[in-house]
Amino acid sequence: MSQVYGRVALIGLGLIASSMFWAIKRSGIAGEVTGYARTEATRDTARRIGLCDRVCDSAAEAAKGADLVVLCVPVGAMGVVAAEIAPVLRPGATLSDVGSVKRAVIDAVGPHVPQGVHFIPAHPLAGTEHSGPESGFSGLFDNRWCLLVPDEGTDAEAVERLRTFWEGLGANVDTMEADHHDLVLAVTSHAPHLIAYTMVGVADDLGRVTDSEVIKYSAAGFRDFTRIAASDPTMWRDVFLTNKDATLEILGRFTEELFALQRAIRTGDGAHLHDYFTRTREIRRGIIEAGQDTDAPDFGRVVRDAEPDKA
Ligand code: NAP
């Protein structure tokens, strides 16, 4: 694959940046990759595992002279990091990010972008519940969507280059307007995470009462909630603080639906419950048909019952 950027700088070296690095190396879509993380511990880990061709001791040093700089830090830290690297960005370079919320990142980063630098926010819709420099893998973005959120006046050629870059990392690429992105993600990701956090919290309270039976006999539904609720606390705190309106809008609708189902249970309205679950089952089928998940039972987990320690 031919290179679309000579040098890429990754600022923040967690799950997303490390996956980007391994995917860049797998594809050869870019030349040298520099990296920076806030703590010495993360920079040391990155050096030890060969994450980035060069790990720098400041964000500015990593970003200096890069053709593409990608901010891979929590949403709440984007503005501070952008201010730090702005003076070293070269004219013609592209500045992007991978933040899960787009309007807040545009508001925080936009004012720092120097004249002549192409600012193209982005969001790869791929992740796991793991975080940190050792959690990344080259296939994370394969067949996942990456949404680019360019402003109307953004240089079309710069947008096309970024699109080619993400396609090289394995992603399907689309463009979207920032506020629409935030609403869509509130439905598909942010509100579901909050619900999972809540359910695990409720079960934990109950677990104390029932001497941890909730954990011991944890079934598929609850286990899946615990996986989602194990996601990085800093990242998710920032998502909710910065995508406040859209998340609250969706949670309001969620609460109304929950009350309706609660009433159906109370009044014994089986038809309502059956119709509702039939509709939601169709959505699952649609996701599988779109290639965004497999239809393997239990989310494709290996059956563990046969393992000796579980006997
Ligand atoms: P992560 O694994 O927790 O890594 C975050 C990185 O950012 C670490 O290298 C950390 O450095 C650095 N960092 C944290 N706070 C910082 C600060 N105040 N200033 C400078 N650097 C800081 O996170 P991630 O999962 O890769 O997420 C990164 C971004 O991608 C977030 O904006 C998130 O919303 C977005 N995103 C995440 C997912 C997902 O599922 N995880 C999916 C799509 C998009 P230290 O290790 O040195 O503290």
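Both ligands and their constituent atoms are indexed starting at 1 by order of listing. Keep in mind that the numbers below use all heavy atoms, side chains included, and drop hydrogens, waters and symmetry copies.
- The nearest non-hydrogen atom to atom 14 (C) of ligand 1, considering only Ala77, Pro74, Ser231, comes from Pro74.
- Between Ala37 and ligand 1, not a single N/O pair is under 3.5 Å apart.
- Residue contacts with ligand 1: His130 is placed with no nitrogen or oxygen under 3.5 Å of a nitrogen or oxygen of the ligand (distance criterion only).
- In the displayed structure, Lys64 atom NZ is contacted under 6.0 Å by at most 12 heavy atoms of other residues, nucleotides or ligands.
- Among all non-hydrogen protein atoms, the one lying nearest atom 25 (O) of ligand 1 is Leu15 CB, 3.8 Å.
- When only interatomic distances are considered, the shortest N/O to N/O separation between Ser100 and ligand 1 falls below 3.5 Å.
- Close approach of ligand 1 to Pro124 is summarised as follows: ligand atoms under 4.0 Å from at least one heavy atom of the residue are 43 (C).
- Every atom of ligand 1 is numbered from 1 in the order shown, and the set under 4.0 Å from a heavy atom of Gly99 is 32 (O).
- Among all protein heavy atoms, the one lying closest to atom 48 (O) of ligand 1 is Arg38 NH2, 2.8 Å.
- The protein non-hydrogen atom at the shortest distance from atom 3 (O) of ligand 1 is Ser131 CB, 3.6 Å.
- Residue contact annotation: Leu71 has no non-hydrogen atom under 4.0 Å from ligand 1.
- The shell of residues lying under 4.0 angstrom from ligand 1, judged by heavy atoms, includes Ala126.
- With a 4.0 Å heavy-atom cut-off, ligand 1 is reached by no atom of Arg43.
- Nearest protein heavy-atom contact of atom 28 (C) of ligand 1 is Cys72 O, 3.3 Å.
- Sorted by first and then second residue, the salt bridge (charged side-chain N to carboxylate O under 4.0 Å, His left out) pairs with a member in residues 139-158 read Arg26-Asp142; sequence neighbours excluded.
- The single protein non-hydrogen atom nearest to atom 8 (C) of ligand 1 is Leu13 N, 3.8 Å, given as residue, atom name and distance.
- Note that CG of Leu10 is 8.0 Å distant from CG of Leu51, once rounded to the nearest 0.5 Å.
- Of the protein's heavy atoms, none falls inside 4.0 Å of atom 10 (C) of ligand 1.
- The shortest contact between atom 40 (O) of ligand 1 and any protein heavy atom is with Gly127 CA, 3.3 Å.
- For the pair Met78 and ligand 1, a heavy-atom separation below 4.0 Å is found.
- The protein heavy atom nearest to atom 31 (C) of ligand 1 is Val73 O, 3.3 Å.
- Set against the non-hydrogen atoms of Thr128, the atoms of ligand 1 under 4.0 Å away are 40 (O).
- To the nearest 0.5 Å, atom CZ of residue Phe119 and atom CG of residue Leu71 are 7.5 Å apart.
- Among protein heavy atoms, the minimum distance from atom 30 (O) of ligand 1 is reached at Val98 CG2, 3.4 Å.
- Heavy-atom neighbours of Glu40 CD from other residues, nucleotides or ligands within 6.0 Å: at or below the threshold of 12.
- If you check each of Thr42, Leu10, Ile16, Ile228 against atom 45 (P) of ligand 1, the one with the closest non-hydrogen atom is Thr42.
- More than 12 heavy atoms of other residues, nucleotides or ligands sit less than 6.0 Å from atom CZ of Arg54.
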